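This report concerns only the one structure given below.
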There are 2 protein chains.
Amino acid sequence: MYSELFKWLFMSRLKEMKEVKSCPRQYVLAVNDTLNVISGKWKLPIIASLLYGKNRFKDLQENIDRITPRMLSKELKELELNGVVERKVYQTRPVRIEYELTESGKSILSVMDAMIEWGLDHRAKVVGT
Amino acid sequence: MYSELFKWLFMSRLKEMKEVKSCPRQYVLAVNDTLNVISGKWKLPIIASLLYGKNRFKDLQENIDRITPRMLSKELKELELNGVVERKVYQTRPVRIEYELTESGKSILSVMDAMIEWGLDHRAKVVGT
DNA sequence: TAGTTCACTATACAAAAGTATAGTAATATT
DNA sequence: AATATTACTATACTTTTGTATAGTGAACTA
């Protein structure tokens with residue numbers, strides 16, 4: 001488990017560098033990578049939609065309530081840059097463009113699992129007290 | 001595992017409600033709760049700092065590089081509202097105020113673990129290809 | 001050939017998130 | 001009595017993020 005080590009995390013933001021020498025820098029990067037992929041209003045709905053099977057621009061636009069083409073386009077580009085989504089161009093006439101989750105994209109469900117678990121637990125604790 | 005069910009998630013943002021009837025609504029809430037707690041520029045550094053043992057306002061301010069008192073105050077209030085942090089007032093003269101992570105706050109490390117794991121994996125895949 | 005679909009882009013704007021800088025009130029220290 | 005520390009708050013501003021609305025160009029369809 002990383003938890004013990006995580007206590008030494010975030011050295012980039014923490015000042016007392018001497019004491020945080022042993023901090024695993026790559027963990028900070030890993031957390032930031034993950035947050036970049038899932039933060040923002042539309043990233044998760046897009047990922048969920050792609051998991052759900054909708055993969056053309058139009059499909060996504062119809063499937064995700066109130067998203068504008070600008071946002072959809074922008075977010076898809078970012079997700080592609082981040083290696084989470086792949087844009088495939090099929091050379092039919094007319095060309096058909098499909099967006100697919102990469103392996104990494106699909107495996108982000110593991111993070112969702114952790115978030116669901118924590119969220120449910122937390123809600124129970126807060127309501128319970 | 002929640003993964004299979006997660007495919008039916010995000011009904012709040014998805015239009016085709018008939019097909020998503022079986023969606024576990026509480027999972028969506030759980031994910032949103034979790035994201036609320038960890039998103040923003042300063043939430044994780046604050047949580048990390050508190051784990052690390054720094055718990056007075058001044059400590060946190062010195063420990064978190066470049067945070068302004070306005071942001072620290074604002075974020076601590078939000079974290080308190082969300083049940084992640086507890087503000088304790090000790091009736092000494094002068095009063096001493098300490099911020100502590102609640103049980104929920106501490107357990108958010110499990111989410112971090114998942115994010116570290118995914119982030120490292122993802123980085124390896126992206127660099128590796 | 002007029003209209004429709006697909007896959008976007010452009011421009012302008014509004015709202016949310018974060019920053020900079022200064023100030024306050026209570027107490028303690030010299 | 002003057003200065004310092006703690007725990008903040010207030011005001012104004014900038015940056016980032018997201019929205020609204022319209023338009024483009026290529027192909028297809030009636």
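Sequence lines set the chain letters: A, B, ... in the order given, protein chains first and strands last, and positions in each chain run from 1. Since the structure is predicted, the reported quantities are computational estimates derived from the model, not experimental observations. In what follows, every heavy atom counts, from backbone to side chain, and hydrogens, waters and symmetry copies are set aside.
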For atom [atom1] of [X] and atom [atom2] of [N], their distance in whole Å:
X: A:N55; N: C:dA7; atom1: CG; atom2: P; value: 10 Å
X: B:I67; N: D:dC8; atom1: CD1; atom2: P; value: 13 Å
X: A:M71; N: D:dA20; atom1: CE; atom2: P; value: 11 Å
X: B:E75; N: C:dA17; atom1: CD; atom2: P; value: 10 Å
X: A:L60; N: C:dC8; atom1: CG; atom2: P; value: 10 Å
X: A:L72; N: D:dA20; atom1: CG; atom2: P; value: 15 Å
X: A:R66; N: D:dT19; atom1: CZ; atom2: P; value: 10 Å
X: A:D65; N: D:dG18; atom1: CG; atom2: C1'; value: 16 Å

Distance check: side-chain N/O of [X] vs OP1/OP2 of [N], anything under 4.0 Å?
X: B:K58; N: D:dT6; answer: yes
X: A:S73; N: C:dT9; answer: yes
X: A:K74; N: C:dA7; answer: no

Checking contacts here: which listed nucleotide ([options]) is nearest the side-chain heavy atoms of [X]?
X: A:P69; options: D:dT9, C:dC8, D:dG18; result: C:dC8
X: A:K41; options: D:dC8, D:dA7, D:dT19; result: D:dT19
X: A:W42; options: C:dT9, D:dT19, D:dA12; result: D:dT19
X: A:T68; options: D:dA20, C:dG18, C:dA22; result: D:dA20

Here the gap from B:I47 atom CD1 to B:I38 atom CD1, rounded to the nearest 0.5 Å, amounts to 8.0 Å
ask   = Is a donor on one side and an acceptor on the other found under 3.5 Å between the side chain of B:S49 and the backbone of B:I46?
value = no
Are any side-chain N or O atoms of A:K43 and backbone N or O atoms of A:S39, one a donor and one an acceptor, separated by less than 3.5 Å? yes
Check the side chains of A:W118 and B:S110 for a donor-acceptor pair under 3.5 angstrom, ignoring hydrogens and angles.
no
Ordered by number, residues from residues 85-98 of chain A within less than 4.0 Å of DNA chain C (heavy atoms) are A:R87, A:I97
Problem set entry | Lys/Arg-Asp/Glu bridge criterion (N-O < 4.0 Å) met for A:E80, A:K77 | no
- Could B:E100 and B:K88 be called an ion pair, given the rule that one side-chain N must be under 4.0 Å from one carboxylate O? yes
Sugar-phosphate only, base, or nothing, as touched by A:R70 at under 4.0 Å among non-hydrogen atoms: base
side-chain contact (heavy atoms from CB on, under 4.5 Å) filter on B:N55, not counting sequence neighbours, yields B:L50, B:D59, B:E98
